[in-house]
Undergrad: 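First the structure, then my questions, so here it is.
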Amino acid sequence: MEEYFNSHSSDLMYAALVVAVVIVLIIITRLLNKRFFKRRMQRAGYDLMPSLDIAQRLLTLLWIVLGVMAISFIFVDDGSYGIIDANFKLVFYLGGVDCGHDHRFRSDQPLV
């Protein structure tokens, strides 16, 4: 058992670092969401919670998916790094585009 930990210590430290970074990103997302919600509520005077809640959920899910993808780098061979790196960038881009999109339905706009 000790031999296993000695041979894979760098992989275990990498996985622990990824988990720690994902947890920190989730905490930062929640704190910024609360702060942004309070400011917008004071300025706008109407409830923004549904749209901000969706954005927070999407960002939290994005951090978790990117964390799982980053940990998956441990388990693949060297030839597959390019494919996984391309997929990682694609998920990051799509997550950023989706979180920047306004998810509220407006009745004055057509559904086209």
Undergrad: Rounded to the nearest 0.5 Å, how far does CG of Leu31 lie from CD1 of Ile26?
TA: 12.0 Å

Undergrad: Between Phe88 and Phe73, how do the two ring planes meet: parallel, tilted or perpendicular, split at 30° and 60°?
TA: perpendicular

Undergrad: Roughly how far apart are Leu59 CG and Ile54 CD1, rounded to 0.5 Å?
TA: 12.0 Å

Undergrad: Of Val91, Asp85, Ile64, Val18, which meets side chain to side chain contact (heavy atoms under 4.5 Å, CB included) against Met69?
TA: Val91

Undergrad: Check whether Leu32 and Val21 end up in the same hydrophobic cluster, where Ile, Leu, Val, Met, Phe, Trp and Tyr are linked by side-chain heavy atoms less than 4.5 Å apart.
TA: no

Undergrad: To the nearest 0.5 Å, tell me how far Ile83 CD1 sits from Asn87 CG.
TA: 7.5 Å

Undergrad: For the hydrophobic clusters of this structure (ILVMFWY residues joined by side-chain heavy atoms under 4.5 Å, transitively), does one cluster hold both Val22 and Val24?
TA: no

Undergrad: Leu17 and Val65: same hydrophobic cluster, using ILVMFWY side-chain contacts below 4.5 Å?
TA: yes

Undergrad: Go through it in stages, so that I can follow the logic: the residues are Leu58 and Leu62, the test is side-chain contact (heavy atoms from CB on, under 4.5 Å), and I'd like the CA-CA distance, side-chain angles, deciding distance and then a yes or no.
TA: CA-CA 6 Å; Leu58 286 173; Leu62 177 66; over 6 Å; no

Undergrad: Find the distance between CZ (Arg57) and OG1 (Thr29) and round it off to the nearest 0.5 Å.
TA: 14.0 Å

Undergrad: Search all heavy atoms of Trp63 against all heavy atoms of Leu25 and return the closest pair with its distance.
TA: NE1-O, 3.6 Å

Undergrad: To the nearest 0.5 angstrom, please state how far the CD1 atom of Ile71 sits from the CG atom of Asp11.
TA: 11.0 Å

Undergrad: Measure the spacing between CZ of Phe75 and CD1 of Ile84 and express it to the nearest 0.5 Å.
TA: 11.0 Å

